[in-house]
Amino acid sequence: MKTHRAVRTPGGLSLRVDVRTLVVGTLLLLVALTASVVLIGTGDFPIPAADVVRTLLGEGDPGQEFIVTELRLPRVLVGLLVGASLGLAGALFQSISRNPLGSPDVLGLGQGATAGALVVIVLFSGTANQVALGALVGGLATGFAIYVLAWKRGVHGYRLVLVGIGVSAVVTAVNGYLLTKSDIVDAARAIVWMTGSLDGRDWDQVWPLLALCALLVPLVLANSRGLRMMEMGDDVSYALGVRVERVRLVLMLSAVLLTAAATAASGPVGFVALTAPQLARRLTRSPGPNLVPAMCMGAALLVSADWISQRAFGAGQLPVGVVTGVLGGVYLLWLLVTERRAGRI
C-alpha cells in the first residue's frame, strides 16, 4: 500500500502527500476540537455538547451564549493555542538539534520566561499584562543567550542542548533567589503563576497569541523543506541549496517566540513541548519534523489535560501544569525504559 501520493494543482504545482500523516493530523485535530466542545460544556453549569455547538454557531439562548462565549470559550482557545504553539516549538527544536530532548523544557526557555515574570512580580508588583510582557521578554532574552553561547561556526545539535541545560540551571537558580527575596504575598502569587494554569483566561490572552500564531505558523511551514533537508546534515543541506544558518535562525527565533508567548499566556506548562512531537512521530511513523501533527497533538494534549484537571479530582481543580507534568513524566519514564530495552541507551 502506498503511503505517499502526488497531488497536482490546476496551476501545475505538484505536492507529495503522506497519506498516513494526513490521516493522523486530521484525527488529532478532530480529537482537539471534540475535547474543546466537551470542555466548554463542563463546569458548575453543565451544557450538553449539542447545545455548545449550537451556541457557537450563534443559535443558543442568551444565558448559554454568555457562559460559552464570555466565560469558557476564551479559556479553551488559549489552551488550544498554547498547546499548538508548544507542540510546534518542540518539534522545531528537536529537529534543529536532532535530539529528542531538545525541547524548550530542557533548553531553559520556559525557565527564562518564568524569570522575566518573576522580576515583574517580585520587584515591581506588576499587573497581569505586565507579567505576561515580562515573561515574553525573559523568554526572548534566554533564547538569545543560548544562541550566542552555542554559536561556533554555526549552531549544532548537542552543543545547543548542552548550552541550554547549563543556561536552564543558571536561570532556575535565579528564579529561586527571586522567590527567597520576595514577600509572602508576591511569593504566593509567583508560585501560582509558575505552576501553569488556564484559570481566568479571557479574550485579552487570546488575541495576541492568535495574532502571533497567524504570523509565525505560515513562516515556519514555508521553511519546512529547508528544515527537513537540515536533518541530513549541514553539508548535504548546503549542497542542496539550503541557506542553513538563515533557515536555522528564522526557525529558532520562531520557536523561541512561540514558547515565550505560550508561557506568557498560561505560565510554564511542562512536558507538552517535549512529548507532543514524539507522540506525533510515533503515530505518523514518518521521518522529518512532523510540524502539523505536532501542533495538533499539542493542542489535543493540553485541552484534554485541562478537562482532566477540572473533572478527575472531585470538587478540587488542579492547575493544568500539574496534570501535564504528571502525564509527561510518566511518558518520559516509559520512553527511557523502552529505549533501554531496545539497547539504544
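What's counted below: heavy atoms across the whole structure, side chains too, no hydrogens, waters or symmetry copies.
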Got [X] and [Y] here, is their nearest side-chain heavy-atom distance under 4.5 Å?
X: Val24; Y: Arg285; value: no
X: Trp193; Y: Leu118; value: no
X: Ser197; Y: Ser266; value: no
X: Leu257; Y: Ser254; value: no
X: Val292; Y: Cys296; value: yes
X: Leu301; Y: Ser304; value: no
X: Arg201; Y: Val76; value: no

[atom2] on [Y] to [atom1] on [X], rounded to 0.5 Å:
X: Leu30; Y: Thr34; atom1: CG; atom2: OG1; value: 6.0 Å
X: Ile121; Y: Asp186; atom1: CD1; atom2: CG; value: 7.5 Å
X: Leu109; Y: Thr263; atom1: CG; atom2: OG1; value: 8.0 Å
X: Tyr147; Y: Met252; atom1: OH; atom2: CE; value: 7.0 Å
X: Ser95; Y: Leu227; atom1: OG; atom2: CG; value: 3.5 Å
X: Leu212; Y: Leu81; atom1: CG; atom2: CG; value: 10.0 Å

Self-check item: Working for salt bridge (Lys or Arg N to Asp or Glu O under 4.0 Å), residues Asp202 and Arg75
Solution: CA-CA 6 Å; Asp202 56 27; Arg75 173 181 180 141; over 6 Å; no
Quiz item: Counting only heavy atoms not in Leu333, do more than 12 fall under 6.0 Å of its CG?
Solution: yes
Quiz prompt | Option passing side-chain contact (heavy atoms from CB on, under 4.5 Å) with Leu251 (candidates Asn223, Leu216, Val256) | solution = Asn223
Self-check item: Side chains of Thr55 and Glu65, donor plus acceptor under 3.5 Å
Solution: no
Exercise. Verify whether one side chain among Asn175 and Thr114 offers a donor that lies under 3.5 Å from an acceptor in the other.
Key: no
Practice problem: Check the pair Ser168, Gln111 against side-chain hydrogen bond (donor to acceptor under 3.5 Å, both in side chains), reporting the backbone distance first and the verdict last. | Solution: CA-CA 6 Å; Ser168 176; Gln111 291 86 341; 3.2 Å; yes
Self-check item: Test side chain to side chain contact (heavy atoms under 4.5 Å, CB included) applied to Gln64 and Ile67, step by step
Solution: CA-CA 5 Å; Gln64 290 178 338; Ile67 292 173; 5.8 Å; no
Quiz item: Can you say whether the rings of Trp203 and Trp207 are parallel (under 30°), tilted (30 to 60°) or perpendicular (over 60°)?
Solution: parallel
Quiz item: Do you know the tightest heavy-atom contact between Asp105 and Gly270?
Solution: OD1-CA, 3.6 Å
